[in-house]
J.: 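Pasting a structure below so you can have a look.
We name chains A, B, ... by the order of the sequence lines, and we start the count at 1 in each one. Just the heavy atoms: all of them, side chains too, but no hydrogens, waters or symmetry mates, feed the values below.
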There are 2 protein chains.
Amino acid sequence: MQRKPTMNDVARLAGVGTMTVSRVLNSSPHVSDETAARVRTAVARLGYQPNEMARALRNFKSSTIGLLLPNLYDPFYATCAHALNMVAKEHDYTVLLTITNDNADHEYVEAKRMLQRHVEGLVVIPAESDRCRLGDPEFSEIPVVSMDRPLPPIEGREMDSVTTENQTGAREAIEHLVQVHGLKRILFVGHKPALFTMQERHEGYTSAMSTAGLATMARFDCVSEARATEICRDALELPEPPQAIFTANNLATRLILSALLKLRIRVPEQLALVGFDDLELSDLLHPALTVVRQPMTDLGSTAGRLLFGKLKSQVPRDQLARVVLPVELVVRNSCGCFFASGLGR
Amino acid sequence: MQRKPTMNDVARLAGVGTMTVSRVLNSSPHVSDETAARVRTAVARLGYQPNEMARALRNFKSSTIGLLLPNLYDPFYATCAHALNMVAKEHDYTVLLTITNDNADHEYVEAKRMLQRHVEGLVVIPAESDRCRLGDPEFSEIPVVSMDRPLPPIEGREMDSVTTENQTGAREAIEHLVQVHGLKRILFVGHKPALFTMQERHEGYTSAMSTAGLATMARFDCVSEARATEICRDALELPEPPQAIFTANNLATRLILSALLKLRIRVPEQLALVGFDDLELSDLLHPALTVVRQPMTDLGSTAGRLLFGKLKSQVPRDQLARVVLPVELVVRNSCGCFFASGLGR
DNA sequence: CTGAAAGCGCTAACAC
DNA sequence: GTGTTAGCGCTTTCAG
């Protein structure tokens, strides 16, 4: 385990100065072909690899970006992360990854760590919180882009964001239930009332319901199997029980579906179901799930494009971008469509 | 956007030398409480943050590890990555993430990039390939741990690995089909014959079949919906069609399931199904899937523990660890269990 | 207990 | 075209 060769070693072996080596490595024009060739042989002979640390220290750039997200076991976040990574790779950047567990304090600490590591930009799925600190002045030196949820503006400073049409998606889901299937009593089920996406989807639900002149009912506590069962039971005991449930994210969908199955409630005959977020196997379920599908990959790659646009100075730093990506209502069977016809197996 | 404060700035403000500041920051003992306090105030006043780049350059350590994996959209890999990240966080290390797309050349290039960035260790889900180069001498300076698939030993050098009981898992699945359900003709379906896990599972399948005195049949080309349909159709046209299919990974399971549904083949009555790898909604399917479940989180965290064991010098570098984690046969309905009783909805 | 000097590996700026 | 000098921000070494 001997010391790694440095630029000096290469220079000595090639019989030139270190600067010449540096120039060759950075393919600067003013080097004669002959010397360049000599240097390259020396590099190859020694298996020389530039020390990125020294380079970063000198150049004030690290070719690194930071990615902060709540977790990676949720396929939604993981897919965003995947897409972002691909963009970074295209630009020859490396990604520093951190899991925040949806905790704003961790997020802040980790973001600072990344700053110390001289990341040139940050992509973040902000932690669910009222007191996010990613707007602190120390972060204003690098571009920051948020995905899925916007970063709350702090002291007037706003940051780029890429989100999806949460409201529109929810509204379309409800309108489908109301207009196509003639349903009137639709229950909204979410898992965290404070979450931006949750609020937006609830807003979409509310507005669609009120447009149709229907009364709303919502539960925001669908966080466990037990609770989901409770929610379903409560709902069915109502004098006028809901005819459909709109689950506002993949966790809620999963839990409610499981509860419904256990309670032996027939979907969609007895209770229709539409969910926000597509799930891996939802087309193979019985009934196949009708869902609002979000463009997960686009979220990540758009965030990446936004960030690199600024890093490569193609876009002025102070130009604010707020991209909202379209969602798609994927009509399958759980809403009641194609079901009587027996297509649903 | 002014220059960041350096240690020198702090030293000047506190009226001490830079060394004293350094000592305080690294909580070295030989500083008087009073000076230390002065330094700390100065640090706070300036909002000083140590420059990790300079530190890494000086110390030859970066508090960074590298993670290389095929992709993040596969929940299996993503969950491993999540677990590893959590371990790294415990040790106050940062993770450099790279997607290899299961390409050994990308993997090699990216691993070298990580080396240039002075990662202190590497965790990798090796790309499917006969010519992996992660055993090259340049990597022998840092500990390398592989997950899910072992790294092929190169020039005698072997590396730590964490895998799961692929053979045993497959064998148990087959034995269940044979012994509990009395099935004799079982088709093995995989997607990539070269993959380590695929081979191991096939080996388990073969050994279980031969122990039972049964003939084997295998397909290794389940890579698309169309192909899956073809596989099913081919199988059913056989003079003695299979009574069960064993799908050797989550992709194959997904595709075969979808094909079976489309072909209106009843599971498990007409054809039983057992898969390797659990899927997010597989307990909600009709029938619920019987699967061999792998400890995804354990894979990641064990790999992390192995790596940090060496980084913290608790374990000698040359001590080879080969951990094999147990899998679990999760019996649900697709194998035929609990099905006649109507429990499956 | 504290500070000054030297240098980690690299490159921008200026000589020649 | 090419080499020399200086210094990025930090810490090790060695004097005080």
Side-chain angles (χ1 to χ4, degrees), chain A residues 1-40 42-43 46-64 112-113 115-120 141, chain B residues 1-40 42-43 46-64 112-113 115-120 141:
Chain A
M1 177 153 162
Q2 78 246 325
R3 224 183 83 279
K4 277 205 197 157
T6 82
M7 234 173 64
N8 238 307
D9 300 328
V10 177
R12 231 190 348 261
L13 181 62
V16 298
T18 56
M19 243 348 262
T20 308
V21 179
S22 174
R23 276 193 268 263
V24 173
L25 261 43
N26 296 292
S27 41
S28 110
H30 303 292
V31 181
S32 80
D33 289 352
E34 196 234 338
T35 358
R38 264 217 325 285
V39 169
R40 264 188 280 273
V43 167
L46 262 50
Y48 167 76
Q49 300 279 126
N51 182 331
E52 285 298 330
M53 287 313 188
R55 208 178 242 211
L57 176 60
R58 206 32 254 233
N59 295 344
F60 301 100
K61 66 167 300 225
S62 58
S63 299
T64 303
K112 276 212 307 206
R113 284 170 67 97
L115 232 44
Q116 290 176 222
R117 290 208 152 68
H118 288 203
V119 296
E120 295 178 38
E141 285 165 40
Chain B
M1 175 155 159
Q2 80 249 320
R3 226 183 80 278
K4 278 204 197 156
T6 80
M7 233 173 66
N8 235 307
D9 300 329
V10 177
R12 238 197 335 268
L13 182 62
V16 297
T18 55
M19 249 342 273
T20 308
V21 178
S22 174
R23 276 193 267 263
V24 173
L25 261 42
N26 296 292
S27 39
S28 108
H30 302 291
V31 181
S32 78
D33 289 351
E34 195 234 338
T35 346
R38 266 220 319 288
V39 170
R40 265 189 278 275
V43 167
L46 261 48
Y48 167 77
Q49 301 278 126
N51 182 333
E52 285 298 330
M53 289 310 190
R55 206 178 245 210
L57 177 59
R58 217 16 265 231
N59 295 343
F60 301 99
K61 67 167 300 225
S62 57
S63 299
T64 302
K112 275 211 308 206
R113 285 169 66 97
L115 233 43
Q116 291 175 222
R117 289 212 152 69
H118 289 202
V119 294
E120 294 177 38
E141 285 164 40

J.: Using a cut-off of strictly less than 4.0 Å, decide whether A:Ser22 has a side-chain nitrogen or oxygen near OP1 or OP2 of C:dC10.
T.: no
J.: Less than 4.0 angstrom between a side-chain N/O of B:Thr18 and OP1 or OP2 of C:dG3, yes or no?
T.: no
J.: Select base, sugar-phosphate, or nothing to describe what A:Asn59 touches, counting heavy atoms under 4.0 Å on all strands.
T.: sugar-phosphate
J.: Atom CE of B:Met7 and atom C1' of D:dT12: how far apart are they, to the nearest Å?
T.: 12 Å
J.: Would you mind reading off the distance between B:Arg117 atom CZ and C:dC10 atom C1', rounded to a whole angstrom?
T.: 15 Å
J.: Do the side-chain N or O atoms of B:Thr35 get closer than 4.0 angstrom to the phosphate oxygens (OP1, OP2) of C:dC1?
T.: no
J.: Which whole-number value in Å describes the distance from B:Arg58 CZ to D:dT11 C1'?
T.: 5 Å
J.: Specify the separation, in whole Å, of atom NE2 of A:His30 and atom P of C:dC14.
T.: 15 Å
J.: Round to the nearest Å and state the distance from A:Met19 atom CE to D:dT5 atom P.
T.: 14 Å
J.: Rounded to whole Å, please give me the gap between CZ in A:Phe60 and C1' in C:dG9.
T.: 15 Å
J.: Looking only at side-chain N and O atoms, does B:Thr6 come under 4.0 Å of OP1 or OP2 in D:dG9?
T.: no
J.: Calculate the interatomic distance between B:Leu25 atom CG and D:dC10 atom C1'; express it in whole Å.
T.: 10 Å
J.: Which distance, rounded to the nearest 0.5 Å, do you find between the CE of A:Met7 and the CG of A:Leu46?
T.: 13.0 Å
J.: Could you tell me whether the side chain of B:Arg23 has a donor or acceptor atom within less than 3.5 Å of a complementary atom in the base of C:dG3?
T.: yes
J.: Hey, are the side chains of A:Arg117 and A:Ser62 touching, using non-hydrogen atoms and a 4.5 Å cut-off?
T.: no
J.: Check A:Tyr48 against A:Thr6 and note the closest heavy-atom contact, atom names and distance.
T.: CE1-C, 3.5 Å
J.: At a heavy-atom distance below 4.0 Å, what parts of residues 47-55 of chain B sit against DNA chain C?
T.: none
J.: Rounded off to whole Å, could you give me the CG-to-C1' distance for the B:Asp33 and C:dT2 pair?
T.: 15 Å
J.: Walk me through it: do A:His118 and B:Asn51 pass the test side-chain contact (heavy atoms from CB on, under 4.5 Å)?
T.: CA-CA 8 Å; A:His118 288 203; B:Asn51 182 333; 3.2 Å; yes
J.: Compare every heavy atom of B:Val31 with every heavy atom of B:Arg23, then report the nearest pair and how far apart it is.
T.: CB-CG2, 3.7 Å
J.: Does a nitrogen or oxygen in the side chain of A:Asn26 sit under 4.0 Å from OP1 or OP2 of C:dT11?
T.: yes
J.: If you draw a 6.0 Å radius around CG in A:Asn26, do more than 12 non-hydrogen atoms from other residues or ligands fall strictly inside?
T.: yes
J.: I need the minimum non-hydrogen distance between A:Glu120 and A:Ser63, along with the two atoms involved.
T.: OE2-N, 2.5 Å
